[in-house]
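As structure tokens, the structure follows; a few thoughts come after it.
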There are 2 protein chains.
Amino acid sequence: MLTIGKLGAQAGVKVPTIRYYEQIGLLPEAGRSAGNQRLYGRKALERLAFIRHARDLGFTLEAIRDLLSLSDNPEQPCVAADAIARAQLAEVERRLARLTALKAELERMVVQCAGGKIADCRVIEVLGDHSLCSTDHRHLESEASP
Amino acid sequence: MLTIGKLGAQAGVKVPTIRYYEQIGLLPEAGRSAGNQRLYGRKALERLAFIRHARDLGFTLEAIRDLLSLSDNPEQPCVAADAIARAQLAEVERRLARLTALKAELERMVVQCAGGKIADCRVIEVLGDHSLCSTDHRHLESEASP
DNA sequence: CTAATGTCTCTAGCAACTATAGCTTCAAGG
DNA sequence: CCTTGAAGCTATAGTTGCTAGAGACATTAG
Ligand SMILES: [Zn+2]
Ligand SMILES: [Zn+2]
Ligand SMILES: [Zn+2]
Ligand SMILES: [Zn+2]
């Protein structure tokens with residue numbers, strides 16, 4: 001049996017994060033020691049490692065919640081899980097496209113600046129006027145984190 | 001003079017967002033009409049467009065605050081502005097590298113799944129075990145938004 | 001003049017944590 | 001056995017960049 005600190009160290013997750021996952025129902029309520037401290041077994045470690053890895057791959061906690069409940073029913077078909085993964089892949093591809101455009105614009109800005117006064121700075125100038133940009137990089141749809 | 005709604009429409013920024021920018025001091029307090037409604041001139045529109053464009057390029061509000069105060073001093077040298085832009089470029093490049101790795105892993109997962117039961121699903125399997133990954137895609141340093 | 005927008009303030013909520021405060025429990029050394 | 005320090009507990013508030021709602025006032029079109 002692991003204390004919360006050991007569990008966190010093994011899974012690479014900070015202690016308050018584990019408590020947060022329990023609070024939002026992503027981890028089941030842990031058993032407690034005589035002194036009211038949480039205790040975890042191998043299953044909890046596996047579940048937490050799953051969460052951690054999925055987070056590292058950019059899945060949202062909502063998606064992870066669904067993936068976990070799917071993985072609790074091993075006899076079901078896996079199409080739903082695959083769909084979640086494909087949606088995540090599509091999301092990553094959209095961000096990649098946008099970031100690639102941003103990178104191009106930022107490089108252009110930085111390269112074009114001759115390094116004089118603010119009044120002549122290309123960085124400031126381009127930031128004030130999107131028509132100086134070479135791509136249409138604007139935020140069209142919503143976008144989430146990492 | 002523009003009302004807040006017209007200003008937002010011209011700059012492509014939602015009305016509550018403008019009020020939010022004023023609240024956090026990114027926009028100066030607007031003048032008011034007789035009936036206490038905010039009124040904006042050309043300078044406010046330019047400033048808001050600058051903010052919007054910088055946001056679209058991924059700068060944080062903190063960075064934008066600095067850029068704006070730099071652009072208010074046109075006689076100063078522009079090295080500080082260029083440094084902010086270069087830092088943003090570096091940030092974008094780091095995210096790009098990470099997202100590229102994520103994309104590779106997600107593609108591998110999706111392709112390898114044969115589409116049977118959850119118990120045999122490669123997606124679920126890989127999520128539970130990072131050693132099945134081909135790259136080290138983990139969250140090493142902190143990372144900010146889109 | 002009335003009805004439909006538009007605007008006002010204020011508060012609360014979103015994701016996914018992180019930090020703080022003030023307490024209790026545990027493990028190890030003397 | 002006792003003390004000290006680390007680790008654990010709860011609860012609350014803060015982070016970023018907005019967005020949504022309630023309820024009241026202003027403006028404008030017909
Ligand atoms: Zn410059
Ligand atoms: Zn642009
Ligand atoms: Zn599958
Ligand atoms: Zn992995």
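Remember, predicted model here, so these are calculated numbers, not experimental data. The figures here come from the full heavy-atom set of this structure, side chains too, leaving out hydrogens, waters and symmetry mates. Each chain gets a letter, A, B and so on, in the order its sequence line appears, and its residues count up from 1.
- Between Arg47(A) and Asp72(A), at least one side-chain nitrogen of the basic residue sits less than 4.0 Å from a carboxylate oxygen of the acidic one, meeting the salt-bridge criterion.
- Residues Glu46(B) and Lys43(B) are not paired through a salt bridge, judged by the lack of any N-O separation under 4.0 Å between the basic side chain and the carboxylate.
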**Report entry** Base versus backbone protein contacts along nucleotides 17-28 of chain C [heavy-atom cut-off under 4.0 Å; B, S, -]
**Finding:** BS------SS--
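- If you take CZ of Arg65(B) and P of dC18(D), they are 12 Å apart, rounded to a whole angstrom.
- Rounded to whole Å, atom C1' of dT10(D) lies 11 Å from atom CD of Gln23(A).
- Between Arg38(B) and Glu22(B), at least one side-chain N (NZ, or NE/NH1/NH2) sits under 4.0 Å from a carboxylate O, which counts as a salt bridge.
- Within the structure, every side-chain polar atom (N or O) of Thr60(A) is placed at least 4.0 Å from both OP1 and OP2 of dA15(C).
- Counting any heavy atom pair closer than 4.0 Å across all strands shown, Arg19(A) reaches a base atom.
- Checked by atom type and distance alone, the side chain of Arg55(B) pairs as donor or acceptor with a backbone atom of Phe59(B) at under 3.5 Å.
- Summarising the geometry, the separation between CD on Glu62(B) and C1' on dT16(D) is reported as 11 Å, rounded to the nearest angstrom.
- Atom OH in Tyr40(B) sits roughly 7 Å away from atom P in dC8(C) (whole-Å rounding).
- One atom, CD of Glu22(B), and another, P of dC10(C), lie 12 Å apart when rounded to the nearest Å.
- dG17(D) atom P lies 10 Å from atom CG of Leu26(B), rounded to whole Å.
- For the pair Arg32(B) and dC25(D), the criterion of a side-chain N or O lying under 4.0 Å from OP1 or OP2 is not met.
- In this model, a donor atom of one side chain and an acceptor atom of the other lie less than 3.5 Å apart for Glu105(B) and Thr135(B).
- Look at Arg38(B) and you'll find a side-chain N or O under 4.0 angstrom from OP1 or OP2 of dT9(C).
- When rounded to the nearest whole Å, the span between CD of Glu91(A) and P of dA15(C) equals 15 Å.
- In this structure, the CG atom of Leu39(A) is 10 Å from the P atom of dG8(D), given to the nearest Å.
- In the hydrophobic clustering of this structure, Leu39(A) does not group with Ile4(A); members are Ile, Leu, Val, Met, Phe, Trp, Tyr whose side-chain heavy atoms approach within less than 4.5 Å, directly or through other members.
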Throw together a table of side-chain donor-acceptor distances under 3.5 angstrom for residues 107-125 of chain B, partners on residues two or more places apart or in other chains.
residue: Glu107(B); atom: OE2; partner: Lys103(B); partner atom: NZ; Å: 3.0
residue: Arg108(B); atom: NH2; partner: Leu132(B); partner atom: O; Å: 2.6
residue: Gln112(B); atom: OE1; partner: Arg122(B); partner atom: NE; Å: 2.4
residue: Gln112(B); atom: OE1; partner: Arg122(B); partner atom: NH2; Å: 3.0
residue: Lys117(B); atom: NZ; partner: Glu75(A); partner atom: OE1; Å: 3.2

